[in-house]
Amino acid sequence: MTAIEQVEARPGLPRLNEPAPAFEAVTTHGPLKLSDFEGSWLILFSHPADFTPVCTTEFMAFAEIYPELQKRGAELLGLSIDSVYSHIAWVRNIEEKAGVKIPFPVIADLDRKVAIAYGMVMPGESKTETSRCVFLIDPKGILRAMIYYPLTTGRNMDEILRLVDALQTADANGVATPANWRPGDKVIVPAPNTTELAEERAGAGYECTDWYLCKKSL
Amino acid sequence: MPCVRPDGTLSGSGRAMLEAVQTDSTVADVVAKTGMPLFRVRSGLRELVAADLISETGELFSQTEQGAAKARSSG
C-alpha cells in the first residue's frame, strides 16, 4: 500500500480550534498558500465537480455574497478535484451563460492533497469527488467552523454569512450566540462557573431565564 | 504564472505590483496602491521576488535593477 493509499484509507477531519492544515496549491489566481490569507477570514469550500448543475448554482451564489464577505474581512477560496483548465473554462462559461463573474480563486486539487488534509472526500458518497464542505478559518489561521453538505444539496449562503457574523461577534464581545441568532439580536452571556458568579449575576442587569441562561444586547 | 508570463513579460497585475514598489513598500502599501486583495499581493510579490524583479528586505519590497528596467519597458 502506498503512502497516499494509506492516508486515503483512513481519512480524517481537521479539528476545530486547531491550526487549519497548511497547503500550497495551484489555483485560478496562481499558486496560493494558506498563509497568504493570514490577516483575513477565509472561507475554504469544496464542490464535487466543475460543469455540474448544483455546483454552478452554488458558485453564482458564492459570487453574490462575496461583496458582503469582503465587508466582513473574509475571502473565498473554492476547491475541487479538477484541473485548473477545467476551472478556467467553467468560470468563463458561468460568466458567458449566466452573466456572473467569479471573483474568487479556485484550487485545482488534482493530487487531492488539500482534499485529504481537510477530509473533503467522503468515500461513502463518492470516491472521486469532494463533498460540499465549508471551512471557516480565522485571521490567525485557526479552523473555527466546518459545515458538510451532501452532493445532492446546495448550500445556504445566508447561513455562511450568519456564521461569519456570529464568530466575529463572539470574538469581539466574549459572548455566545443563541439558536437562529441574527446580527442585532441579543447575545448569550457565558454561563458563570462558580457559585459566587452565579449569585452575582442576579444583579448584573441581564435578561435571564435562569442563572445559566442570560442574554444582553450589544 | 499570474504575474510573469512564460515569455517573461508581465501581466496587468504583475506590472501593477512592480510599479507599486518603485519606492520601498510593505505588503499593506502594495494592497493600498493596487487595490488587490491581500492574498493576491502576497502571492504576486513572492513570484516577482523569485523572478528577481523585486527584492525583499525585512518587511519592505523594492524594485531590483532588473525590475526597474522591466518597469520602464513596455513588456
Output for pair (A/Glu159 CD, A/Leu163 CG), nearest 0.5 Å, gives 6.0 Å

Would you say that B/Gln63 contacts B/Arg72 through its side chain, given a criterion of any heavy-atom pair below 4.5 Å between the two side chains? no

Applying a strict 4.5 Å limit to non-hydrogen atoms, the region of A/Ser35 in contact with chain B is backbone

Checklist entry - Within a strict 4.5 Å, meaning less than it, do heavy atoms of the A/Pro105 and B/Phe39 side chains meet? => result yes

Against chain B, residues from residues 61-98 of chain A with at least one heavy atom under 4.5 Å, in numeric order, are A/Glu75

CZ of A/Arg155 to OG1 of A/Thr57, rounded to nearest 0.5 Å, is 9.5 Å

In this structure, CG of A/Leu44 is separated from CE of A/Met120 (nearest 0.5 Å) by 4.0 Å

(message) With a 4.5 Å cut-off on side-chain heavy atoms, are B/Arg46 and A/Asp36 touching?
(response) yes

